[in-house]
**Student:** 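Structure below; questions to follow.
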Amino acid sequence: MELKKGQRVNLTIGSQATIIKELGRGGQGIVYLVELGGQQMALKWYITPPDDKFYKNLERNITSGAPSDAFIWPEYLTKKENGSYGYIMKLRPSNYFEFGNYLLARKNFKSFNAMMAAAMKICNGFMMLHRFGYSYQDLNDGNFFIRPTDGDVLICDNDNVMAQGEKSGIMGKARYMAPEVVAGGIPDKYSDRFSLSVILFMLFFANHPFEGAKVVACPCMTEKFEREFYGSKALFIYNPNEKSNLPVRGVHQNVIKRWPCYL
């Protein structure tokens with residue numbers, strides 16, 4: 001159920017948040033700008049509510065608090081009403097931009113040091129997450145907002161974070177999953193680290209580490225091909241022993257130009 005401007009949503013702490021306007025939506029839910037105690041915050045409201053286990057996990061994560069200041073962490077949980085529920089988090093500042101903007105050159109880092117700072121902030125955030133006993137499980141390029149001036153990073157969409165060894169039930173994006181998770185395995189901190197390596201490669205080279213000649217030759221990216229390219233037949237584009245998936249000139253210009261710089 002969608003919420004309307006002026007509608008009030010009850011929180012488990014006894015307060016109410018008032019809907020101001022919609023900020024955006026995705027497959028999982030709708031994000032609204034809300035007013036809570038005189039402060040503007042964001043509410044993620046689920047279109048199709050996950051099960052009770054997911055609700056209780058959100059409740060535990062809110063009680064435990066964020067592993068580090070890199071995370072836009074859930075802060076308040078709504079009561080179950082109107083056939084769904086959601087959670088409140090801080091707003092993303094306007095001078096942070098989604099990671100995908102950097103991959104498409106819509107935004108650029110002010111300096112090489114800023115890009116390296118972003119990489120360090122991402123790594124430190126996930127180190128702290130794992131130290132807290134969590135696994136992220138749905139790590140992809142949409143999870144990171146980066147400030148181009150100094151590389152500071154905010155990590156969002158943290159509602160899928162689960163205790164190590166548990167599974168949220170939310171499917172991630174095959175491009176970022178560890179091959180064993182693509183094949184149906186349970187995500188954990190080790191598969192998080194694989195996904196993190198993909199993100200870092202894309203940050204440095206603006207190209208996916210498995211997307212070379214084989215992917216270019218693919219007529220249509222079906223689920224079958226996804227399972228092969230990112231799972232059972234995943235092949236690094238600069239594999240020294242297998243040259244069939246090298247970057248293609250005119251298509252993968254970024255990685256072709258940048259690869260020698262890091263050798």
**Student:** Hey, is CD on Glu81 packed in by over 12 heavy atoms from elsewhere, all under 6.0 Å?
**Tutor:**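 Yes.
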
**Student:** Is Glu242 reaching over with its side chain to a backbone N or O of Ser244, donor-acceptor style, under 3.5 angstrom?
**Tutor:**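 Between the backbone of Ser244 and the side chain of Glu242 there is a qualifying donor-acceptor contact (under 3.5 Å).
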
**Student:** Is any side-chain heavy atom of Asn143 less than 4.5 Å from a side-chain heavy atom of Ile199?
**Tutor:**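 No, too far: nothing below the 4.5 Å cut-off.
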
**Student:** Can you pull the salt bridge (Lys or Arg N to Asp or Glu O under 4.0 Å) pairs that have at least one residue in residues 252-263, sequence neighbours excluded?
**Tutor:**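 Matches after skipping sequence neighbours: none remain.
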
**Student:** Using a 3.5 Å distance criterion without hydrogens, assess whether the side chain of Ser191 forms a donor-acceptor pair with backbone atoms of Ala178.
**Tutor:**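 No; zero donor-acceptor contacts below 3.5 Å.
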
**Student:** Parallel, tilted or perpendicular for Tyr46 and Tyr87, by the 30°/60° rule?
**Tutor:** tilted

**Student:** Going from CD1 on Ile155 to CG on Leu139, what distance comes out if it is rounded to the nearest 0.5 angstrom?
**Tutor:** 8.0 Å

**Student:** Might you point out which heavy atoms bring Tyr32 and Glu22 nearest each other, and give the distance in Å?
**Tutor:**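 That would be CD2-CA, 3.8 Å.
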
**Student:** Linking I/L/V/M/F/W/Y whenever any side-chain heavy atoms sit under 4.5 Å apart, do Val255 and Phe236 land together?
**Tutor:**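 Yes, Val255 and Phe236 fall within the same hydrophobic cluster.
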
**Student:** For the residue pair Phe144 and Val153, what are the closest heavy atoms and their distance?
**Tutor:**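 In this case the closest contact between Phe144 and Val153 is CD2-CG1, 4.0 Å.
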
**Student:** Walk me through it: do Met221 and Arg175 pass the test side-chain contact (heavy atoms from CB on, under 4.5 Å)?
**Tutor:** CA-CA 11 Å; Met221 186 60 77; Arg175 292 181 77 211; over 6 Å; no

**Student:** What is the minimum heavy-atom distance between Gln16 and Leu36, and which atoms define it?
**Tutor:**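 Nearest pair, atom of Gln16 first, then Leu36: O-CD1, 3.4 Å.
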
**Student:** Would you please test Asp188 and Gln164 for side-chain contact (heavy atoms from CB on, under 4.5 Å) and show each step?
**Tutor:** CA-CA 6 Å; Asp188 56 20; Gln164 174 71 4; 3.4 Å; yes

**Student:** I'd like to check Leu43 versus Ile19 (side-chain heavy atoms, cut-off strictly below 4.5 Å). Are they in contact?
**Tutor:** yes

**Student:** Taking the side chain from Asn158 and the backbone from Ile72, do they hold a donor-acceptor pair closer than 3.5 Å?
**Tutor:** yes

**Student:** For Phe205 and Tyr238, I'd like to know if the aromatic rings sit close, meaning centre-to-centre distance below 6.0 Å.
**Tutor:** no

**Student:** Please check if Trp45 and Ile13 belong to a single hydrophobic cluster, counting links between Ile, Leu, Val, Met, Phe, Trp and Tyr side chain heavy atoms closer than 4.5 Å.
**Tutor:** yes

**Student:** For the NZ atom on Lys214, are there more than 12 heavy atoms of other groups (residues, nucleotides or ligands in this structure) within a distance under 6.0 Å?
**Tutor:** no

**Student:** Taking all non-hydrogen atoms of both residues into account, name the closest pair between Ala114 and Thr149 and its distance.
**Tutor:**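 The answer is CB-O, 4.0 Å.
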
**Student:** Under 3.5 Å, side chain of Asn82 to main-chain N/O of Ser84, donor-acceptor pair present?
**Tutor:**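 Checking the backbone N and O of Ser84 against the side chain of Asn82, no donor-acceptor pair under 3.5 Å is found.
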
**Student:** Find out if a path of hydrophobic residues (ILVMFWY) with successive side-chain heavy-atom gaps under 4.5 Å connects Phe229 to Phe194.
**Tutor:**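 Hydrophobic grouping puts Phe229 with Phe194.
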
**Student:** Among residues at least two apart in sequence or on other chains, which ones pass side-chain hydrogen bond (donor to acceptor under 3.5 Å, both in side chains) with Tyr230?
**Tutor:** Glu211

**Student:** Can you label the angle between the Phe204 ring and the Tyr262 ring as parallel, tilted or perpendicular, going by 30° and 60°?
**Tutor:**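 If you compare the ring of Phe204 with that of Tyr262, the planes turn out tilted.
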
**Student:** Partners of Lys80 by side-chain contact (heavy atoms from CB on, under 4.5 Å), sequence neighbours excluded?
**Tutor:** Asp52, Tyr55, Tyr85

**Student:** Please check: side-chain N/O of Gln137 versus main-chain N/O of Met162, any donor-acceptor pairing under 3.5 Å?
**Tutor:** no

**Student:** Is it the case that one hydrophobic cluster holds both Tyr102 and Leu200, taking links as side-chain heavy atoms less than 4.5 Å apart, direct or via other members?
**Tutor:** yes

**Student:** Do Asn61 side-chain atoms and Asp159 backbone N/O form a donor-acceptor pair below 3.5 Å?
**Tutor:**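 Judged by distance alone, no pair lies under 3.5 Å.
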
**Student:** After noting the C-alpha distance and the side-chain angles of Ile237 and Phe201, does the key distance pass the side-chain contact (heavy atoms from CB on, under 4.5 Å) rule?
**Tutor:** CA-CA 11 Å; Ile237 55 176; Phe201 189 92; 4.1 Å; yes

**Student:** Taking all non-hydrogen atoms of both residues into account, name the closest pair between Arg227 and Val182 and its distance.
**Tutor:** CA-CG1, 3.8 Å

**Student:** Atom CD in Glu59, atom OG in Ser64: separation rounded to 0.5 Å?
**Tutor:** 11.0 Å

**Student:** Quick one: do Phe99 and Asn140 satisfy side-chain contact (heavy atoms from CB on, under 4.5 Å)? Show the steps, please.
**Tutor:** CA-CA 9 Å; Phe99 183 42; Asn140 60 73; over 6 Å; no

**Student:** Could you tell me the separation between the CG atom of Asn160 and the CG atom of Leu58, rounded to the nearest 0.5 Å?
**Tutor:** 8.5 Å

**Student:** Determine whether Arg25 and Glu2 satisfy the following criterion, salt bridge (Lys or Arg N to Asp or Glu O under 4.0 Å), listing intermediate values before the conclusion.
**Tutor:** CA-CA 11 Å; Arg25 61 177 64 203; Glu2 297 187 15; 3.1 Å; yes

**Student:** Hey, could you give me the OG/CG distance between Ser135 and Leu129, rounded to the nearest 0.5 Å?
**Tutor:** 7.5 Å

**Student:** Rounded to the nearest 0.5 Å, what's the gap from NZ on Lys44 to CD1 on Ile88? Could you check?
**Tutor:** 13.0 Å

**Student:** Any side-chain heavy-atom pair from His208 and Met202 closer than 4.5 angstrom?
**Tutor:** yes

**Student:** Considering only heavy atoms from C-beta outward, does the side chain of Asp192 approach that of Pro187 to under 4.5 Å?
**Tutor:**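 The answer is no, as the side chains (C-beta and beyond) never meet within the 4.5 Å cut-off.
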
**Student:** Could you tell me whether the side chain of Asn57 and the main chain of Val161 form a donor-acceptor pair under 3.5 Å?
**Tutor:**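 It does hold such a pair.
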
**Student:** I'd like to check Lys121 versus Asp69 (side-chain heavy atoms, cut-off strictly below 4.5 Å). Are they in contact?
**Tutor:**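 Yes, at least one pair of side-chain atoms sits under 4.5 Å.
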
**Student:** With a 4.5 Å cut-off on side-chain heavy-atom distances among I, L, V, M, F, W and Y, is there a chain of contacts connecting Ile122 to Phe109?
**Tutor:**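 Yes, because Ile122 and Phe109 connect within a single hydrophobic cluster, where side-chain heavy atoms sit under 4.5 Å apart.
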
**Student:** Are side-chain heavy atoms of Val216 and His252 found at a separation under 4.5 Å?
**Tutor:** yes

**Student:** Rounded to the nearest 0.5 Å, how far does OG of Ser68 lie from CZ of Arg131?
**Tutor:** 11.0 Å

**Student:** Specify the closest pair of heavy atoms between Ala42 and Lys90, including all atoms of both residues, with the distance to one decimal.
**Tutor:** CB-O, 4.3 Å

**Student:** Tell me if the aromatic rings of Tyr134 and Trp73 count as close, with their centers under 6.0 Å from one another.
**Tutor:** yes

